[in-house]
Structures are given as structure tokens and as C-alpha cells.
Colleague: 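Below is one structure. I have some questions about it.
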Amino acid sequence: MRVLSGIQPTADSFHLGNYLGALRQWVRLQETHETFYCVVDLHAITVEQDPKVLRERTRRSAAQLLAIGVDPAHSALFVQSHVPEHAQLSWVLECQTGFGEAGRMTQFKDKASKQGTDRASVGLFTYPVLQAADILLYQANAVPVGEDQRQHLELSRNLAQRFNNRFGATFTVPEPHIVKDTAKIYDLQDPSAKMSKSASAAGGIVELLEDPKRSAKKIRSAVTDAGREVIYDPEGKPGVANLLTIYSALTERGIAELEAAYEGKGYGDLKKDLGEVLVDWVTPFQERVRSYLDDRAELDKVLAAGAERAREVASRTLAKVYRRVGFLPPG
Ligand code: TYM
């Protein structure tokens with residue numbers, strides 16, 4: 001069984017939502033599946049970027065993935081642009097995608113409405129098709145992501161089925177692997193919005209590479225709700241529920257156990273303790289990231305080996321696709 005997933009190198013640091021919603025599952029699935037994980041730099045240029053910053057963030061992303069526990073002995077860890085088949089398959093799939101279908105993608109609509117349709121690039125429009133190419137090239141059965149990627153995954157499934165119907169069985173139809181409890185981590189300052197790099201208030205997002213003391217402070221100043229009882233009630237107490245979700249995921253203690261532990265205590269105790277839990281997790285993580293970044297040659301070697309492994313699979317799928325659509329094989 002194969003797994004593929006990707007993450008964009010569009011910020012200096014991953015955030016807690018990325019980790020709990022997706023990256024933790026990347027690490028877990030290595031035990032049982034053949035895993036392909038990529039830093040999606042082609043996707044990152046769908047919005048304006050600085051070339052030097054993009055290079056730096058791509059390395060930092062790879063270092064963070066290693067520090068989280070992506071193990072190059074188990075997984076092919078690679079940079080998307082090192083495997084040209086992604087862009088090549090994307091073109092073929094674009095020709096199977098309806099214009100209206102692409103226009104219905106909510107992430108595109110959100111981003112394009114923020115930038116204005118004249119400034120939004122065509123790449124932003126075709127972004128989800130490139131994502132489908134990422135997945136289908138590896139014949140992935142499962143794709144670990146957070147809830148916000150569900151619609152893109154649905155498009156990948158539709159494109160796989162459509163291509164198979166039109167040209168004969170070619171692609172595995174992938175299933176999203178979304179773990180319900182942590183599928184959507186919310187902004188600490190606005191628990192009705194997802195935690196996101198484009199959050200309006202910096203206090204709402206915990207960056208894995210920021211000073212851990214700052215993260216603890218953000219947790220302590222998280223917006224909580226009326227009342228003082230620590231109970232899990234996402235409707236009535238979304239702020240507290242979000243903190244309990246994070247706490248439970250980081251400690252592997254069940255929500256009911258945490259509710260019992262905080263009976264008779266208040267929100268302040270919960271936040272203080274969660275801040276400490278976070279510092280204890282993030283401090284050694286940051287040390288690992290630093291050591292991976294210090295040995296740049298080794299990091300680049302890991303990525304080169306990952307790309308080589310990825311290309312073996314990707315080139316086989318692409319050759320099949322090219323044959324199926326009727327391209328004349330080169331002499
Ligand atoms: P990206 O880079 O925005 O986010 C990486 C992963 O983090 C998850 N995530 C969250 N999960 C829970 N709560 C949150 N607040 C939260 N914020 C982000 C995302 O769901 C994602 O799994 N389009 C993708 C990248 C991509 C991809 C792929 C993913 C490109 N090709 C192929 C899977 C397969 C994206 O922008 O993720």
C-alpha cells in the first residue's frame with residue numbers, strides 16, 4: 001500500500017496545525033506503508049515568492065520533516081521540482097479537467113478573491129490539478145492531510161476515475177487519510193477559523209520554529225470561553241475544545257482523562273500546563289532541525305536519494321500515461 005503527501009514551503013516554519021493535522025500521520029504511516037513525501041515547491045510559486053527565500057524555506061521544510069520523524073530509510077523524502085514528471089503529468093490531467101470544475105475549488109476562490117482575478121495566476125487556478133498529479137504518479141492508495149484538503153482530494157479521485165474510464169485502468173483511486181480528532185486545528189485567537197499561515201493575528205498561530213517561550217505565551221493568551229469548567233464542548237466552548245484537542249494529541253492522553261484531571265481547576269491551569277507540554281515537545285524538535293540544517297551536504301544528499309527513488313515510480317506511471325493518451329514514443 002502506497003502513501004503520498006506534500007507540504008508547501010511557503011513559510012519560515014511549519015505550524016502546529018500542519019503537524020497535528022497531517023505530519024504526525026506521515027510519520028505513523030511509515031511503519032505500515034510505502035511512503036513518498038514531498039516539499040511542493042512548484043505549488044509554492046503559484047503566489048509571488050522571493051527566489052532566495054524559497055530555496056531557504058525548501059531546505060528548512062525538509063529539515064523540519066526529518067526532525068518530526070520522517071525517516072529517509074523508510075520514506076522517499078524529496079523536493080517536487082526534482083521530479084519533472086509532476087509537471088508533465090499535470091499538463092495531461094489539466095486537459096482532462098473542466099474549466100468550471102477547477103473554478104469551483106474553494107481554496108482557489110478564496111485566494112483569487114483576495115488577490116483579485118487579474119493578479120491571481122493561472123498556476124493558482126490549476127494548482128489542484130498539479131496536486132492530483134503528485135498523488136496519481138505514485139499510485140497512492142492513501143493521502144494523509146488535514147480537513148482543508150478534502151475537496152482537492154475529491155478532484156484527484158475524480159480525475160483518476162475519469163482517466164481510467166476514458167483510457168483504461170491506469171491510476172489507483174486515492175483515499176484521503178484524515179484523522180477526525182485533529183483534522184482541523186483552530187486559530188488560538190479566533191477558534192472559528194483554522195490555524196493558518198495567513199492568519200490575521202500572529203498570536204493565533206503556533207510556529208514550530210519560533211521561540212518556545214513565545215508559543216507558551218500564545219497558549220496562555222488563547223481566547224477561551226465564558227464559564228470556567230474545562231470540558232470538551234466544540235459548539236459551546238470552541239476555544240477550550242481546541243486546547244484540549246492539542247493537549248490530547250501532544251500527550252496521547254484521552255480527552256475524558258484530561259477533563260477528569262482538570263475537574264475543579266480553571267482555564268488558567270489548563271493553558272499553563274499545555275504551554276509546558278508544548279515547550280517540552282518543541283525544544284528538542286528545534287535542536288534536531290538545527291542539526292539537520294547545519295549539515296547541508298547531508299541534507300541535500302537525502303533529498304537527492306529521495307528524488308531518485310521517487311523518479312523510478314513516477315517515470316513508470318508517466319510512460320504509461322503517455323502511451324495511453326496516444327503520444328508517439330520517441331524513436
Ligand atoms: P499545506 O502546505 O497548506 O499544509 C500541509 C498540511 O497541513 C494540513 N493543515 C492542517 N491540518 C489541521 N489543521 C490545520 N489548521 C491545518 N492547516 C494545514 C493541510 O491539510 C496539509 O495536509 N495543497 C497542499 C499541499 C499538497 C499536497 C499534495 C498534499 C500539494 N500536493 C499532494 C497532499 C498530497 C497544501 O497546500 O498543504
Side-chain angles (χ1 to χ4, degrees), residues 2-27 29 35-47 57-58 60-62 64-65 68 70 78-81 83 86-87 89-90 93 105-108 110-111 123-124 126-157 159-160 174-199 204-208 238 241-242 245-246 249 310 314:
R2 291 244 179 87
V3 162
L4 174 124
S5 199
I7 185 159
Q8 294 201 71
T10 41
D12 288 335
S13 169
F14 295 161
H15 60 69
L16 200 54
N18 298 135
Y19 174 62
L20 296 178
L23 305 178
R24 245 159 52 106
Q25 327 309 329
W26 292 23
V27 174
L29 289 164
T35 39
F36 294 84
Y37 295 133
C38 62
V39 179
V40 294
D41 54 350
L42 299 178
H43 280 106
I45 67 164
T46 55
V47 292
R57 286 177 171 174
T58 301
R60 275 167 89 110
S61 297
Q64 289 175 85
L65 291 172
I68 278 166
V70 170
F78 63 100
V79 174
Q80 188 187 30
S81 65
V83 181
H86 290 246
L89 179 60
S90 184
L93 294 178
M105 296 289 117
T106 53
Q107 288 207 346
F108 167 73
D110 287 352
K111 286 190 183 167
L124 192 64
T126 56
Y127 175 117
V129 186
L130 176 60
Q131 180 164 350
D134 298 341
I135 298 166
L136 303 186
L137 266 182
Y138 299 92
Q139 309 288 358
N141 307 89
V143 184
V145 285
E147 181 61 38
D148 61 349
Q149 296 300 313
R150 193 181 284 281
Q151 194 189 28
H152 288 170
L153 260 292
E154 201 47 43
L155 178 71
S156 302
R157 289 170 55 81
L159 288 175
E175 295 284 342
H177 178 89
I178 299 175
V179 173
K180 196 169 149 277
D181 293 344
T182 48
K184 189 167 179 183
I185 301 297
Y186 294 89
D187 185 297
L188 298 178
Q189 288 300 316
D190 174 9
S192 68
K194 74 166 180 184
M195 187 179 283
S196 146
K197 342 181 210 233
S198 48
I205 152 174
V206 173
E207 293 185 36
L208 303 187
N242 191 37
T245 299
I246 296 171

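Keep in mind it's a predicted model, so treat the numbers as computed, not measured. The residues of the chain are indexed from 1 along the displayed sequence. Both counts, for ligands and for their atoms, begin at 1 and track the order of listing.
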Colleague: Mark the output for Q107 as yes if a heavy-atom distance to ligand 1 is under 4.0 Å, and as no if none is.
Modeller: no
Colleague: At what distance is the nearest protein heavy atom to atom 10 (C) of ligand 1, and which residue and atom is it?
Modeller: G17 O, 3.4 Å
Colleague: Using a heavy-atom cut-off of under 4.0 Å, does the side chain or the backbone of L20 touch ligand 1, or both, or neither?
Modeller: neither
Colleague: Only counting residues at least two apart or in another chain, list the ones meeting side chain to side chain donor-acceptor pair (under 3.5 Å) with D148.
Modeller: K194
Colleague: Are the ring centres of H152 and F108 closer than 6.0 Å?
Modeller: no
Colleague: Return the closest protein heavy atom for atom 9 (N) of ligand 1 as residue, atom name and distance.
Modeller: N18 ND2, 3.8 Å
Colleague: Looking only at protein heavy atoms, which one is nearest to atom 19 (C) of ligand 1, and how far off is it?
Modeller: D148 OD1, 3.3 Å
Colleague: So which protein heavy atom does atom 13 (N) of ligand 1 come closest to, and at what separation?
Modeller: I185 N, 2.9 Å
Colleague: Do the non-hydrogen side-chain atoms of K184 and M195 ever get within less than 4.5 Å of each other?
Modeller: no
Colleague: On a heavy-atom basis, I'd like to know which of Q25, H43, M195 is closest to atom 15 (N) of ligand 1.
Modeller: M195
Colleague: Would you tell me which option among R24, Q149, H86 has the nearest heavy-atom contact to atom 21 (C) of ligand 1?
Modeller: Q149
Colleague: Looking only at protein heavy atoms, which one is nearest to atom 2 (O) of ligand 1, and how far off is it?
Modeller: Q8 N, 2.9 Å
Colleague: Tell me whether Q80 reaches ligand 1 (any heavy atom closer than 4.0 angstrom to a ligand atom).
Modeller: no
Colleague: For ligand 1, which atoms have a heavy atom of K184 less than 4.0 angstrom away?
Modeller: 12 (C), 13 (N)
Colleague: Answer yes or no for Y127: is there a heavy-atom contact with ligand 1 below 4.0 Å?
Modeller: yes
Colleague: Give me the nearest non-hydrogen protein atom to atom 17 (N) of ligand 1 as residue plus atom name, then the distance to 0.1 Å.
Modeller: H15 CE1, 3.4 Å
Colleague: Tell me the protein heavy atom at minimum distance from atom 28 (C) of ligand 1, and give that distance in Å.
Modeller: Q131 CG, 3.4 Å
Colleague: Using a 4.0 Å heavy-atom cut-off, which part of I7 comes near ligand 1: side chain, backbone, both, or neither?
Modeller: both
Colleague: Counting heavy atoms only, which of G146, A132, C38 is nearest atom 8 (C) of ligand 1?
Modeller: G146
Colleague: Does any part of the side chain of F36, heavy atoms only, come nearer than 4.5 Å to the side chain of L137, both counted from C-beta?
Modeller: no
Colleague: Does D12 reach the side chain of R60, with side-chain heavy atoms less than 4.5 Å apart?
Modeller: yes
Colleague: What's the separation between atom CG in L16 and atom OG1 in T245, rounded to the nearest 0.5 Å?
Modeller: 11.0 Å
Colleague: Decide yes or no for L65 and L23: does some side-chain heavy atom of the first lie under 4.5 Å from some side-chain heavy atom of the second?
Modeller: yes
Colleague: Would you call S196 a ligand 1 contact, heavy-atom distance under 4.0 Å?
Modeller: no
Colleague: Looking only at protein heavy atoms, which one is nearest to atom 31 (N) of ligand 1, and what is the separation?
Modeller: D134 OD2, 2.6 Å
Colleague: Any non-hydrogen atom of T182 lying under 4.0 Å from ligand 1?
Modeller: yes
